[in-house]
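Taking it in order: structure first as structure tokens, then the write-up.
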Amino acid sequence: QLVQSTFFPPAEGVMLPTGSFSNRVAFITGGGTGLGRAMTSTLSQLGAQCVIASRKLDVLQQTAEEISSQTGNKVHAVECDVRDPQAVARCVERMETLTGLPDVIINNAAGNFVCPSERLSPNAWRSITDIVLNGTAFVTLELGKRLIQSRKGASFLAITTIYAESGSGFVVPSASAKAGVEALYKSLAAEWGRYGHRFNIIQPGPIRTKGAFSRLDPTGAFEKAMISRIPTGRLGKPAEIANLAAFVSSDYATWMSGAVIRLDGGEYVSMAGEFNELRRVTPDQWKMMEAMIRNTRGS
Ligand SMILES: CCCCC/C=C\C=C\C(=O)SCCNC(=O)CCNC(=O)[C@H](O)C(C)(C)COP(=O)(O)OP(=O)(O)OC[C@H]1O[C@@H](n2cnc3c(N)ncnc32)[C@H](O)[C@@H]1OP(=O)(O)O
Ligand SMILES: NC(=O)C1=CN([C@@H]2O[C@H](COP(=O)(O)OP(=O)(O)OC[C@H]3O[C@@H](n4cnc5c(N)ncnc54)[C@H](OP(=O)(O)O)[C@@H]3O)[C@@H](O)[C@H]2O)C=CC1
């Protein structure tokens with residue numbers, strides 16, 4: 001952490017009023033681990049009945065039991081590989097039996113690893129883009145069609161990343177798929193408002209989770225450099241994403257649709273600005289540089 005991080009301590013308590021999601025059902029893909037788990041915990045604390053879905057049923061069940069016992073609200077675990085549209089349909093059928101159709105859908109499941117693009121096999125490309133873009137599309141279309149049929153409105157949220165906008169080397173399948181997810185959600189925000197559906201996007205900056213850090217910084221060599229370019233001087237916390245996701249999915253945000261919200265401690269703009277490296281110039285160096293610049297007057 002950098003010294004300035006003391007100005008920006010994370011508030012990790014639940015932000016919205018108790019009961020904000022009473023009588024609501026939330027469906028969270030990848031809800032067994034990392035950020036998905038944090039979002040499930042927050043929504044459950046706020047009164048939602050949650051359904052979490054991913055490939056590893058044992059992980060889902062453990063998370064579901066832990067959160068349910070803490071909050072007193074039921075969390076259901078449903079096995080689902082989002083790459084398989086038939087598995088998604090079966091998962092949604094199971095959810096309809098357990099809870100009915102959801103009010104809140106969070107497309108959070110993802111796959112990623114750092115790899116020079118010249119080393120990527122077609123299957124490596126497919127494995128990431130299938131989870132991230134096709135998986136989000138299958139979940140969104142399956143639920144969207146059923147919700148439209150039932151004339152029920154819902155809030156859809158996709159978790160992308162700051163480099164969905166800029167692109168990034170070494171995570172090219174992820175960057176391409178996340179950009180596709182953003183196009184999907186912005187497009188549906190325009191098309192499906194008439195059915196009572198909202199679509200929004202959160203782009204997190206770096207937040208320590210086992211899933212992300214083990215695949216994107218396996219040696220730990222890049223963490224210091226990452227923190228040094230974040231103006232708020234620290235990584236994000238899962239609870240910070242969870243509070244934002246809860247707000248975006250809540251009745252306090254019913255006028256929000258098609259929004260792309262970056263939550264990254266300022267990392268994106270810090271990396272983008274042409275002259276931001278001048279942060280390293282000392283006061284003495286500035287004195288000298290200013291004198292040199294002023295000297296150019298009239299030249
Ligand atoms: C520290 C940075 C913070 C900032 C973070 C910013 C953005 C973060 C975005 C994220 O999405 S983080 C979330 C990360 N979480 C996960 O990835 C969890 C799920 N991931 C997985 O299950 C696996 O990692 C995988 C590979 C995505 C999917 O698993 P599976 O379906 O079992 O695939 P396979 O193991 O069969 O592999 C398929 C294919 O891919 C090739 N491959 C796998 N790993 C690598 C690698 N490291 N480098 C190159 N290629 C790889 C593998 O060889 C297979 O291809 P073949 O041609 O050999 O069949
Ligand atoms: N942590 C960070 O710094 C950042 C994270 N993000 C995004 O946040 C989200 C959560 O990431 P994070 O919590 O860090 O990482 P995790 O690895 O913990 O989360 C990924 C989740 O996706 C699930 N998943 C993967 N493949 C599939 C599949 N085929 N079908 C269903 N579920 C699947 C995994 O469960 P299982 O293995 O059981 O299938 C896992 O629970 C992702 O969208 C990621 O891109 C974005 C920017 C930064």
Side-chain angles (χ1 to χ4, degrees), residues 27-40 52-64 77-85 87-88 91 106-136 138-139 157-166 168 170-179 181-182 201-227 229-230 235-238 240-242 244-245 262-265 267-268 271:
F27 177 67
I28 303 107
T29 65
T33 64
L35 304 187
R37 180 188 166 115
M39 290 186 273
T40 304
I52 55 177
S54 75
R55 296 165 300 175
K56 299 193 191 95
L57 188 60
D58 54 335
V59 174
L60 292 171
Q61 281 170 337
Q62 190 174 337
T63 296
V78 180
E79 188 176 342
C80 179
D81 187 332
V82 296
R83 292 173 289 193
D84 174 358
V88 171
C91 167
I106 303 183
N107 270 291
N108 162 78
N112 202 0
F113 48 75
V114 283
C115 181
S117 300
E118 65 274 20
R119 292 171 67 94
L120 287 171
S121 69
N123 199 33
W125 175 273
R126 197 179 292 119
S127 81
I128 302 300
T129 54
D130 262 0
I131 301 170
V132 175
L133 178 55
N134 292 338
T136 302
F138 296 150
V139 168
L157 173 64
I159 307 300
T160 64
T161 163
I162 55 173
Y163 61 69
E165 218 158 289
S166 59
S168 176
F170 305 98
V171 283
V172 173
S174 169
S176 308
K178 293 283 194 186
V181 168
E182 295 200 349
I201 295 156
I202 294 178
Q203 301 173 326
I207 300 171
R208 181 186 300 290
T209 65
K210 190 169 166 237
F213 275 55
S214 61
R215 292 174 176 90
L216 300 172
D217 187 16
T219 64
F222 295 100
E223 183 169 336
K224 204 168 155 210
M226 209 159 26
I227 294 173
R229 64 182 182 231
I230 300 178
L235 300 177
K237 295 285 183 184
E240 294 181 292
I241 291 292
L244 179 58
R262 195 188 299 135
L263 186 62
D264 71 340
E267 187 188 27
Y268 186 84
M271 287 191 289

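For ligands, and for the atoms within them, numbers begin at 1 and follow the listed sequence.
The minimum heavy-atom distance between Ala109 and Thr29, with the atom names listed, is N-OG1, 2.9 Å. Between Ile159 and Pro204 the shortest heavy-atom distance is CG2-CG, 3.6 Å. Here the shortest heavy-atom pairing between Ile28 and Thr40 reads CD1-OG1, 3.6 Å.
For ligand 1 and Ala110, the ligand atoms under 4.0 Å from any heavy atom of the residue are 11 (O), 15 (N), 16 (C), 17 (O), 18 (C), 19 (C). In summary, the atoms of ligand 1 found under 4.0 Å from a heavy atom of Ser127, numbered by their order in the structure, are 38 (C), 40 (O). Close approach of ligand 1 to Thr161 is summarised as follows: ligand atoms under 4.0 Å from at least one heavy atom of the residue are 7 (C). Of all the atoms in ligand 1, the ones that sit under 4.0 Å from a non-hydrogen atom of Cys115 are 48 (N), 49 (C). Near Gly211, meaning under 4.0 Å from one of its heavy atoms, ligand 1 places the atoms 14 (C), 15 (N). Applying the 4.0 Å criterion to heavy atoms of Arg55 picks out, from ligand 1, the atoms 19 (C), 21 (C), 22 (O), 29 (O), 31 (O). Residue contact check: Ile128 has heavy atoms under 4.0 Å from atoms 27 (C) of ligand 1.
If you take CG on Leu157 and CD1 on Ile106, they are separated by 5.0 Å, rounding to the nearest 0.5 Å.
Atom 5 (C) of ligand 1 has Leu216 CD1, 3.5 Å as its closest protein atom, hydrogens excluded (heavy atom only). If you check which protein heavy atom lies closest to atom 9 (C) of ligand 1, you get Asn112 ND2, 3.3 Å. Scanning the protein heavy atoms around atom 52 (C) of ligand 1, the nearest turns out to be Ala124 CB, 4.9 Å. Atom 43 (C) of ligand 1 has as its closest protein heavy atom Phe113 CE2, 3.6 Å.
For atom 18 (C) of ligand 1, the nearest non-hydrogen atom from the set Arg83, Met226, Arg215 belongs to Arg215. Remark: among candidates Ser121, Ala212, Gly36, the nearest residue to atom 58 (O) of ligand 1 is Ser121, based on non-hydrogen atoms.
Using a cut-off of 4.0 Å between Lys/Arg side-chain N and Asp/Glu carboxylate O, Arg229 and Glu267 are scored as salt-bridged. The pair Asp81-Arg83 meets the salt-bridge criterion, since a charged nitrogen lies less than 4.0 angstrom from a carboxylate oxygen. A salt bridge is absent between Lys56 and Glu79; no separation between the charged side-chain nitrogens and carboxylate oxygens falls under 4.0 Å.
Within the 4.0 Å heavy-atom shell around ligand 1 one finds Tyr163.
A side-chain donor-acceptor contact under 3.5 Å links Thr160 and Glu182.
When heavy-atom distances to ligand 2 are checked against 4.0 Å, the residues falling inside are Gly30, Thr33, Gly34, Leu35, Ser54, Arg55, Lys56, Cys80, Asp81, Val82, Arg83, Asn108, Ala109, Ala110, Ile131, Ile159, Thr160, Thr161, Lys178, Pro204, Gly205, Pro206, Ile207, Thr209, Gly211, Ala212, ordered by chain and number.
Between the side chain of Asn112 and the main chain of Ser174, no donor-acceptor pair closer than 3.5 Å is present.
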